[in-house]
There are 2 protein chains.
Amino acid sequence: MGDSRITFDRWSGTYAERVDSMRSSAVRDLFAAASRSDIISLSGGMPDISSLPLDAVAEAAADTVRQEGTQALQYGGTTGRVQTREVCARLLLDYDIHVTPEDIIITTGAQQALDLLGKTFCNPGDVIITEGPTYLGALQAFSAYEPDIHCIPMDDGGMRMDLLEEELQQLGHGGAKFIYTIPNFQNPSGVTMTLERRRRLLELADEYNIPVVEDNPYGRLRFAGEDVPPLRALSDEVIYLGTVSKIFAPGLRCGCLIAPEHVLTKINLVKQGSDLCGSAMNQVMVEHYFNDTPWRETLEHSKQLYAERCQAMLDALEEFFPPEVIWTHPQGGLFIWITVPEHIDTDELLNVALEQGVTFAPGSGFYPDGRGHDSMRVAFCFEEPERLREAVKRLAPVIEERLELYRAFVDAGVM
Amino acid sequence: MGDSRITFDRWSGTYAERVDSMRSSAVRDLFAAASRSDIISLSGGMPDISSLPLDAVAEAAADTVRQEGTQALQYGGTTGRVQTREVCARLLLDYDIHVTPEDIIITTGAQQALDLLGKTFCNPGDVIITEGPTYLGALQAFSAYEPDIHCIPMDDGGMRMDLLEEELQQLGHGGAKFIYTIPNFQNPSGVTMTLERRRRLLELADEYNIPVVEDNPYGRLRFAGEDVPPLRALSDEVIYLGTVSKIFAPGLRCGCLIAPEHVLTKINLVKQGSDLCGSAMNQVMVEHYFNDTPWRETLEHSKQLYAERCQAMLDALEEFFPPEVIWTHPQGGLFIWITVPEHIDTDELLNVALEQGVTFAPGSGFYPDGRGHDSMRVAFCFEEPERLREAVKRLAPVIEERLELYRAFVDAGVM
């Protein structure tokens, strides 16, 4: 382009209003940094895929083209291949979720499912209920439809049902378009919702006639404690999102959405305009992986890896971080949520951390309303234990420095 | 699910208003029929991929996983791999379009690009200008953002610029969010816009400060006549959509969107929430195909195939269809547009055609406003010449029957 590049935006007044409310994800912006070897990345939720049997996957890819090329390389149905949906249905039996291929739509990762849900349910100003903090990609997906997102605070047992009930009382019957939850090893908090609260959530949702959306990308990544049944196993009315991104390969962008018949019909209609169909090639590869490789062994290996890394991170936090800082203790998943004294702004902290060669995800990205500046998400999934320890060691003095300033102010009676 | 399946929709009042205005695509609905061997499908725009060198593609798929698995199976950037964008930039040189990878976003087929454009530009009630008829997938994509779509009639030279100018005069400066056009072998009409009109379109767009979106899926499928430069080759301000679906494989869902810098920044932001990123696996396969296989030869073979099929279809129409029916004579692409006397409704005709084992796409799907019932799109790309001839032969008496009724009414002075 060179000289001819347009440097002013002649259409600056032309964009839709929804674009004004969109924020770029700090995590996506850090993506480039994450691939630099001198940076220790605690920011992204990239699974470690080093355990994948690449030769077997390579063979599967070649077989896919050789044996099923005319289907794998062609347009497919909007709902996805029936064979892929059969694989999804079979895998969900592990969770005691009983569905047929007709109950499932294959999506381009669970992210597309979030977009489709926003598109199907939300007029501008409609209320969506989420955990607070919640997955920033969900906030991004929903924000395109200009909803009013209400966050329900969490504790170690997940979303607080007393506060959800208060919220629903205020909103009234049908007062929200849906309740979005990540009950297992929540992103970003790492917290898991108790069985008692899951049951209570379903009761409240039923009472107020509000659909529940259960996003379960990390459910199979438990490395400690006992499994808790998914909401979808407790009620057929739950809209359930799954993905192969955390148990196989994010690069295949293959998720699934399960919903009651009428909802699925609407979502399918909405999906037609969004992408016509997903990649059949990727779907066949997913079928091969779960049909023809020892994927449960591979997953066991990944879980062991995450367990070690989580422990290394927790140990390092204990060893290096000042006592004013607290954090969660996940039993699975990829993330730990760290809360610092409220006068420390983790957005500002990130700039200094980057100078020290460490990235993390500042907490403000996980709230729609400016909260979260005193928190941060660290991912323990992608780096080796010694690198995790090194990252925490580098972060500690940066936090300590800000705390000392704070203590001095407190001692001087200024704060 | 069995007995527990929910048969009423307890959330029927919960869906977004946009869903009310969405129509299911008759073409998508016919997808299942299209794969039945007893049905001759003239409905879908599925390219014939029988010429693809499956062994080479299979090898490429395996190499992708073996050599680049840790990238191909992992999350990638929202804009797509730089290597894929380099391939796109290189291929566009054939059109005398000069862009760098920074000017490009890789999309999940061109369909996602259409969705992203609607999402980025349209508030409810905003005007979008398209050709009339236009691509039904574009109407579906845009309709999610509740625009007011104004169709400009076409003739054998493409969109009529006199009528576009009239429309723009009424709408005024900046009065539409964009002008969407498929200048080459348009879907559904098969018509190509003349060079003179392309120049005039750009003048008008500039004068009224309205972005032009050029969708060019069929540009490389010319089998007669001379190439006409794409709009993007005539102006750097054009937003350009490309795809590998018609020259390689739809199943990889790989398209590209080129736009001026400021527009691209907005679209990238919007895309983050839509899908985080596309499939890196598929992008590497696309790189391999255009870097390592004799794809130009394969394409030549496909074009010859389409040329033969187009001619077979035109010959059959000439031989079997009554003189009251007219049709376009494409120099490339996949489609012929047929217009029948206006008292014949092609929606109704389709039901009878299905009984005769033939599908086509009724014209009403290609207009947003109820027009098009006297027209139909037939695709000549997917069936063998003798099957195309057979399809036309089966359709002819169905049309003839309705014409005879009409003639009788006219003779009796009723019409």
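So that the names make sense, note that chain A is the first sequence line, chain B the second, and so on, each numbered from 1. Note that this is a predicted model, so its numbers are computed, not measured.
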B/Leu52, part contacting chain A, at a heavy-atom distance under 4.5 Å: side chain
Has A/Arg232 got a side-chain atom pairing as donor or acceptor with A/Ile239's backbone, closer than 3.5 angstrom? no
Which atoms of B/Val263 come close to chain A, meaning under 4.5 Å heavy atom to heavy atom: side chain ones, backbone ones, both, or neither? both
Assess, by modelled atom type and distance only, whether the side chains of A/Tyr15 and B/Asn123 contain a donor and an acceptor separated by less than 3.5 Å. no
Return the option, out of A/Glu59, A/Lys119, A/Arg66, with the maximum number of heavy-atom pairs under 4.5 Å with chain B. A/Lys119
salt_bridge(B/Glu237, A/Arg10) N-O dist < 4.0 Å: yes
Indicate yes or no for a side-chain donor-acceptor contact from A/Lys266 to the backbone of B/Val19 under 3.5 Å, with no hydrogens or angles considered. no
Find the one option among A/Thr108, A/Leu114, A/Thr107, A/Asn209 whose heavy-atom pairs under 4.5 Å with chain B are most numerous. A/Asn209
From the list B/Lys177, B/Gln283, B/Glu146, the residue making the most non-hydrogen contacts under 4.5 Å with chain A is B/Lys177
I'd like to verify something: which residue of B/Asp63, B/Thr120, B/Thr70 has the highest number of heavy-atom pairs under 4.5 Å with chain A? B/Thr120
What residue in B/Gly69, B/Gly174, B/Ser274 has the most heavy-atom pairs under 4.5 Å with chain A? B/Ser274
Please identify, among A/Leu73, A/Asp55, A/Val270, the residue contributing the most non-hydrogen atom pairs under 4.5 Å to chain B. A/Leu73
Please tell me whether A/Gln140 and A/Tyr135 have a donor and an acceptor in their side chains that are separated by less than 3.5 angstrom. no
Do the side-chain N and O atoms of A/Gln112 and A/Arg253 include a donor-acceptor pair separated by under 3.5 angstrom? no
Side chain, backbone, both or neither: which part of B/Pro124 has a non-hydrogen atom closer than 4.5 Å to chain A? neither
Which atoms of B/Asp20 approach chain A - backbone, side chain, both or neither, heavy atom under 4.5 Å: neither
Most chain B-contacting option - heavy-atom pairs closer than 4.5 Å, from A/Gly109, A/Pro47, A/Ala280, A/Gly13: A/Pro47
Could you tell me whether a side-chain N or O of A/Asn282 sits under 3.5 Å from a main-chain N or O of A/Ser279, the two making a donor and an acceptor? no
On the 0 to 90° scale, with breaks at 30° and 60°, tag the B/Phe121-B/Phe178 ring pair as parallel, tilted or perpendicular. perpendicular
So which of B/Ser143, B/Gly278, B/Ser50, B/Gly137 has the largest heavy-atom pair count under 4.5 angstrom toward chain A? B/Gly278
Residue from B/Pro250, B/Gly255, B/Ala138 scoring the most non-hydrogen pairs under 4.5 Å with chain A is B/Pro250
Find the one option among A/Ala62, A/Cys122, A/Pro211 whose heavy-atom pairs under 4.5 Å with chain B are most numerous. A/Pro211
Please say whether more than 12 non-hydrogen atoms of neighbouring residues, nucleotides or ligands are located less than 6.0 Å from CD in A/Glu17. no
